[in-house]
Every structure is written in C-alpha cells, then in structure tokens.
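Heads up: the structure comes next, in structure tokens.
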Amino acid sequence: YIRKIKEMILAIKIEQVYTKNEILELYLNSVSFGHVEARQMWGIQKASEIIFGKDARDLELHESSLLVALLPAPNDRIPFRHPINAKKYRNLVLQNLFNQNFINENDYRLAIQTDIPKEPFLDKRKVTPYYVQYVEEELKKIDNINYKNGGLIIHSTIDSRIQNFLEDS
C-alpha cells in the first residue's frame, strides 16, 4: 500500500509539471520495445528504425499501432518472430482506436489490411553493431564534427575477423 501511495503522489507531481503529451513522449523515449537479433530497442525512435526503417515522425497509422501493441509484451509480439501475435495485437489497438472514435472506419479498414514487416532494417555493418553505435555516440559528443559525411578515419580495438568468428560460434 505504501508503494502505491508513493506512486500516486509521484504521478500527481509529474502531472503538475508536464503535459500529457510530454509525459507520453518521455515514456515512449525510455521504454523497451524488445530486441531483434541482439539489438535492444530502447525508445520509439530505435524501434521505428529497426522495425520499419524510418524515423518515428514518419510512421503511418498501422505502423504506430504495431509499436503500441508491442509495449505490454515486446518479445512475444515482435513481427519477425511472432507475426500472428504482432498482427493480432496491432489490430486490437486499431480496433480500440476505431471504437473510441479516434479514427474513421475507412482508416481502420485500410490499416488492418496492411501487412506487418517481415524483416528488420538492421545496420548493414554486421560486425559489432553495438560497438559501432557506441563509437557513434562518442563522436556526437565532439563539437564541430559531422561524422556521417565521411572523411574521418577511426581506429578501434575490434578485429573483424576474430569478431566474426566469435559471433558465428
């Protein structure tokens, strides 16, 4: 009971400081959407990139509904491992949106007929994507460097031949 009372007080304080949209944004940017091939999807942006290959701002209704459907049980609803569950729960989210008049019948019908993705959009750099991601995060900390346009030579401690052998084993 004490924990629940503390949670209620915290919820009230959070609602006094942030709008509902800000709270939702904070939540969606910090929650886990599961993992795909050892790539953890923390936040809606990462999930959108891996599952749909696009920015979260560009998601369509059926895509954003699938991401919402992942939240209660992400690893049991990843479309590449559990396509039936993914489609079932995505359609349930869409049905709830329709029943509560957030979307019209035409949008609902079009969205439930859309196929779910069959393959993830993974970083084509097969070798240690987590390490490459770490290096990119470190490069972002350096002012006045645009590492995505090329021109940089980055030396690391990774030996791709050994790493490939380790990942295969």
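Atom CD of E22 sits in a crowded spot, with more than 12 heavy atoms from other residues, nucleotides or ligands closer than 6.0 Å. Heavy atoms of other residues, nucleotides or ligands lying less than 6.0 angstrom from CD of E119 number 12 at most. Taking a 6.0 Å sphere around CD1 of I142, one finds it holds more than 12 heavy atoms contributed by other residues, nucleotides or ligands.
The closest side-chain heavy-atom distance from D76 to R81 is not below 4.5 Å. Between I78 and N85 the shortest side-chain heavy-atom distance does not fall below 4.5 Å. Side-chain contact between I14 and L10 is present, with heavy atoms from C-beta onward closer than 4.5 Å. Side-chain contact check for Q95 versus Y108: some heavy-atom pair is nearer than 4.5 Å. At least one side-chain heavy atom of R77 sits under 4.5 Å from a side-chain heavy atom of P72.
Atom NZ of K118 sits about 6.5 Å away from atom CD1 of I116, to the nearest 0.5 Å. Residue I154 holds its CD1 atom at 11.0 Å from CD of E138, rounded to the nearest 0.5 Å. Note that CZ of F33 and CD of Q45 are 10.5 Å apart. Values are rounded to the nearest 0.5 Å. Taken from CG in L94 to CG in L66, the straight-line distance is 9.5 Å, to the nearest 0.5 Å. The line from OH of Y18 to CD1 of I23 is 9.0 Å long, rounded to the nearest 0.5 Å. The NE2 atom of H35 sits 6.5 Å away from the CD atom of Q40 when rounded to the nearest 0.5 Å.
Hydrophobic clustering places L61 together with V68 (ILVMFWY residues linked when any side-chain heavy atoms are closer than 4.5 Å, directly or through intermediates). A continuous path of ILVMFWY side-chain contacts below 4.5 Å connects L67 to L24, so both sit in one hydrophobic cluster. Connection of I12 to V17 is not established within any shared hydrophobic cluster, with ILVMFWY side chains joined at heavy-atom distances below 4.5 Å, either directly or through further cluster members. One hydrophobic cluster, built from ILVMFWY side chains closer than 4.5 Å, cannot hold both L92 and F98; they sit in different ones. No continuous path of ILVMFWY side-chain contacts below 4.5 Å connects L59 to L110, so the two sit in separate hydrophobic clusters.
Nearest heavy-atom pair across H62 and A111 is CB-O, 3.7 Å. Contact between Y27 and L71 at its shortest, heavy atoms only, is CE2-CD1, 4.0 Å. Residues P74 and S32 share a closest heavy-atom pair of CG-O, 3.8 Å. Smallest separation of non-hydrogen atoms from P79 and P117: CB-O, 3.7 Å. The shortest heavy-atom contact between G34 and N75 is CA-OD1, 3.3 Å.
No side-chain donor-acceptor contact under 3.5 Å links D55 to the backbone of D58. The closest donor-acceptor contact from the side chain of S48 to the backbone of I44 lies at 3.5 Å or more, if one exists at all. A donor-acceptor distance shorter than 3.5 angstrom exists from the side chain of N29 to the backbone of E25, with no hydrogens or angles considered. E63 contributes a side-chain N or O that, together with a main-chain N or O of E60, makes up a donor-acceptor pair within less than 3.5 Å. A donor-acceptor pair under 3.5 Å links the side-chain atoms of R90 to the main chain of I112, judged by distance alone.
Ion pairing between E137 and K141 fails under the 4.0 Å rule for side-chain N and carboxylate O. The pair E7-R3 counts as a salt bridge, with a side-chain nitrogen and a carboxylate oxygen less than 4.0 angstrom apart.
With sequence neighbours left out, F52 forms a ring-ring contact (aromatic ring centres under 6.0 Å, His included) with no residue at all. Remark: Y89 engages no residue in a ring-ring contact (aromatic ring centres under 6.0 Å, His included) (not counting sequence neighbours). Every residue two or more places apart in sequence or in another chain was checked for a salt bridge (Lys or Arg N to Asp or Glu O under 4.0 Å) with K88, and none qualifies.
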For F121 and I51, run side chain to side chain contact (heavy atoms under 4.5 Å, CB included): C-alpha distance rounded to whole Å, both residues' side-chain angles, the deciding distance at 0.1 Å, then the answer.
CA-CA 6 Å; F121 290 82; I51 294 175; over 6 Å; no

